[in-house]
Amino acid sequence: MATAVELQNVVKSYGNLQVIHGVNLTIDPGEFTVFVGPSGCGKSTLLRMIAGLEAISDGDLLIDGERMNAVTPSERGIAMVFQSYALYPHMSVYKNLAFGLETARLPRAEIAKRVLRAAEILQIEPLLNRKPKQLSGGQRQRVAIGRAIVREPKIFLFDEPLSNLDAELRVQMRVEIAKLQQRLGNTTIYVTHDQVEAMTMADKIVVLRDGRIEQVGAPLDLYNHPRNLFVAGFIGSPKMNFLQISAAEIEVDADATGSAAGRRPDIPMTLGIRPEHITIDPNTGAALGPLKVVLVESLGGQTVVYATAANGQTITVVLDGQVAVGETLEAFFDPAKAHLFAADGNVMTGARLPHIIKLV
Amino acid sequence: MSAITGEQAISTQRSGLAGRISDFFWKHPHVFLAVMLAPPLLWLGIIYLGSLLALLLQSFFSIDDYSGLVNYEFTLATYGQLLNETNLDIIIRTVCMAAIVTLFSALIAFPIAYYAARYARGKWKALFYLGVMLPLWSSYLVKIYAWKLILAKEGILTWLLTKLNLLWLLDAWLSLPVIGGNSLSVSYTGTFIVFVYVWMPFMILPIQASLERVPVNLIEASSDLGSTPQQTFRHVLFPLALPGIVAGSIFTFSLTLGDYIIPQIIGSSRLFIGQAVYAQQGTAGNIPLAAAFTVVPIVIMGLYLWAARRMGAFDAL
């Protein structure tokens with residue numbers, strides 16, 4: 001029953017300005033897909049094109065194999081939840097929920113049945129007679145989701161739905177939306193700039209930058225195998241450390257990359273190590289050298305350490321213990337969990353990392 | 001530390017009269033508020049409400065038909081006079097005119113305001129404001145006399161229609177009972193046109209303001225929820241613009257009810273409320289009846305505002 005969505009070479013331009021540059025993407029039935037990227041990357045535009053609120057300049061949008069470019073929003077079988085909720089201030093919660101059904105001229109009894117069911121799912125039954133302005137942010141959010149649910153759409157679209165909520169509520173609603181999606185089983189596309197939301201909710205993450213897809217994959221895929229520097233830096237918190245090194249400092253398997261990187265000692269490269277993969281356990285792989293602790297964020301169980309390496313580069317480390325400012329740590333890392341990026345930013349596959357890296 | 005002890009970091013008392021007054025007001029904010037508000041409140045209370053009450057009081061007196069002097073005894077006889085055929089005609093005529101002017105103002109203003117709120121950008125927006133406000137900057141009388149010339153039998157409108165061979169249309173219109181007449185400038189149609197013209201900015205601006213406040217995503221959500229553009233207009237845009245329309249209609253309705261210059265210059269010689277008041281307090285010298293007449297628009301506007309409130313027109317404010 002769930003629905004597949006397919007984008008084929010989708011382009012969006014405003015006059016001469018192209019903002020989406022030929023996006024190809026397949027979303028499988030029932031999948032929770034998250035579009036993530038920094039602001040201005042085109043993620044919302046892409047969502048609005050799927051919704052039918054923005055025209056598609058070129059390429060095709062297929063929903064269940066049918067071309068939808070020229071179909072009106074109401075006939076695409078989608079329901080969208082807006083960032084600012086877009087609830088009607090002059091209607092009660094009940095009326096807001098019923099609005100999409102009344103415009104479709106459904107029988108009164110059917111409308112009541114569906115509204116009450118959605119209200120029950122979202123636990124907003126006591127609020128049905130209130131006006132939106134009498135609700136809290138979280139309650140408004142539920143109503144906005146309810147208004148999408150009652151239409152029994154094939155696809156749910158969420159446009160940064162949690163960005164107006166406070167931190168605690170955001171975590172709570174995150175869980176609720178994920179649970180709801182599992183329960184209803186609809187194909188869902190969710191837009192956010194928050195990589196934590198993306199990591200925790202998604203079946204599939206689509207990382208966008210400047211109107212292009214940087215990488216598509218399951219959350220852990222993106223975490224474990226980022227395709228380039230951008231994805232590596234965007235996914236994961238705190239951010240991955242990038243160390244500028246030259247080929248002389250490591251050994252690279254030239255056969256696998258097909259490049260001459262291993263032979264030319266001056267070629268610049270970037271070594272990426274996640275803060276949580278740096279330890280002070282000398283039995284772990286390669287030595288990173290002494291790090292001087294500059295700043296400490298103690299979260300209790302964990303400590304985020306900002307330190308400088310011998311060559312002056314700043315390195316973030318997440319440690320289990322507790323550390324004081326001014327200390328010097330002998331740091332180590334597991335080369336198997338590190339990433340090596342070429343000068344063009346793409347990951348170097350097959351690069352075998354050496355046991356000892358010196359940071360001079 | 002020892003350096004500070006000689007002179008306190010925060011001085012408790014400022015020197016000079018101004019300083020002390022300032023300190024006093026800072027410590028007693030309510031006194032400050034009272035001093036600030038007293039002049040405008042006194043102005044409103046005594047000059048405006050006071051004269052209104054004096055007027056109301058006058059309307060409960062009567063005039064002695066023989067001596068022409070005001071009889072200072074409480075009576076409802078003056079209000080009774082309002083209900084005689086001539087006076088009732090005046091009231092009905094004025095209210096009908098005000099209602100029709102309001103209705104047509106809203107009909108004409110809405111598309112203009114909609115365009116300005118949703119589509120006009122940059123210099124077009126500036127042009128819109130200029131176009132709407134420009135008539136307000138010229139003299140009221142000049143505008144009315146200009147319209148008299150436009151609508152007169154020898155005026156430009158007749159000339160234009162003659163050139164277009166459409167004069168028969170105008171003649172047919174003028175031959176209609178009640179709204180017709182010898183020429184547009186002496187018919188109710190003429191009065192209506194000038195009223196609509198003169199009050200139009202008061203209708204356009206509030207509607208434009210209310211439309212501008214409707215977030216775009218409410219319209220988008222509506223089409224996402226499967227509404228046709230007509231449904232979106234009926235269920236979303238119109239209800240949200242209603243406070244603006246009601247605000248505009250309060251202007252057009254009350255201004256038409258009270259105006260006595262436009263119907264005097266353009267239109268048939270039959271009186272409107274404003275003219276009746278003018279005539280009663282002037283040449284006729286019947287202050288009580290003039291006062292009773294002025295109470296009519298006040299009561300009508302009171303009912304109008306009450307009804308608007310009941311309809312929920314102010315809920316979204």
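Computed over heavy atoms, backbone and side chain alike; hydrogens, waters and symmetry mates excluded. The structure displayed is predicted, hence computed values, not measured ones. Throughout, a chain's letter reflects where its sequence line sits, starting with A, and its residues are numbered from 1.
Counted within 6.0 Å of CZ on B:Phe104, heavy atoms from surrounding residues, nucleotides or ligands total 12 or fewer; the atom is thus considered open. Counting heavy atoms of neighbouring residues, nucleotides and ligands inside a 6.0 Å radius, atom CZ of A:Arg183 does not exceed 12 of them. Taking a 6.0 Å sphere around NZ of B:Lys125, one finds it holds more than 12 heavy atoms contributed by other residues, nucleotides or ligands. Within a 6.0 Å sphere centred on CZ of B:Phe233, other residues, nucleotides and ligands contribute more than 12 heavy atoms. Atom NZ of A:Lys95 is surrounded by 12 or fewer heavy atoms from other residues, nucleotides or ligands within 6.0 Å. Counting non-hydrogen atoms of neighbouring residues, nucleotides and ligands closer than 6.0 angstrom, the CD atom of A:Gln134 exceeds 12 such neighbours. By the neighbour-count criterion of 12 heavy atoms within 6.0 Å, atom CG of A:Asn129 is sparsely surrounded, having that number or fewer from other residues, nucleotides or ligands.
Using a 3.5 Å distance cut-off with no hydrogens or angles, the side chains of A:Ser84 and B:Asn217 do pair a donor with an acceptor.
Annotation: maximal heavy-atom pairing with chain B below 4.5 Å, among A:Ala104, A:Pro73, A:Ala51, occurs at A:Pro73.
The shortest non-hydrogen separation linking B:Gly226 to A:Ser74 is CA-CB, 3.0 Å. Minimum interatomic distance between B:Gln231 and A:Thr103 (heavy atoms only, all atoms of both residues): NE2-O, 3.1 Å. Pairing each heavy atom of A:Arg151 with each of B:Leu225, the nearest pair is CD-CD2, 3.3 Å. Contact record, B:Leu240 with A:His90: CD2-ND1, 3.2 Å, taken as the closest heavy-atom pair.
At a 4.5 Å heavy-atom cutoff, the contact between A:Leu87 and chain B is made by backbone atoms alone. With a 4.5 angstrom heavy-atom cutoff, B:Thr228 does not touch chain A via any of its atoms. Heavy-atom distances place no part of A:Arg76 under 4.5 Å from chain B, backbone and side chain included.
In this structure a side-chain-to-backbone donor-acceptor pair under 3.5 Å is present from B:Asp224 to A:Met80. Remark: side-chain polar atoms of B:His235 are not paired, donor with acceptor, to backbone N or O of A:Glu102 under 3.5 angstrom.
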Item to complete: Quick one: do B:Leu218 and A:Phe82 satisfy side-chain contact (heavy atoms from CB on, under 4.5 Å)? Show the steps, please.
Response: CA-CA 9 Å; B:Leu218 291 188; A:Phe82 290 80; over 6 Å; no
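Taking 4.5 Å as the limit, every side-chain heavy atom of A:Tyr88 sits out of range of all side-chain heavy atoms of B:Pro239.
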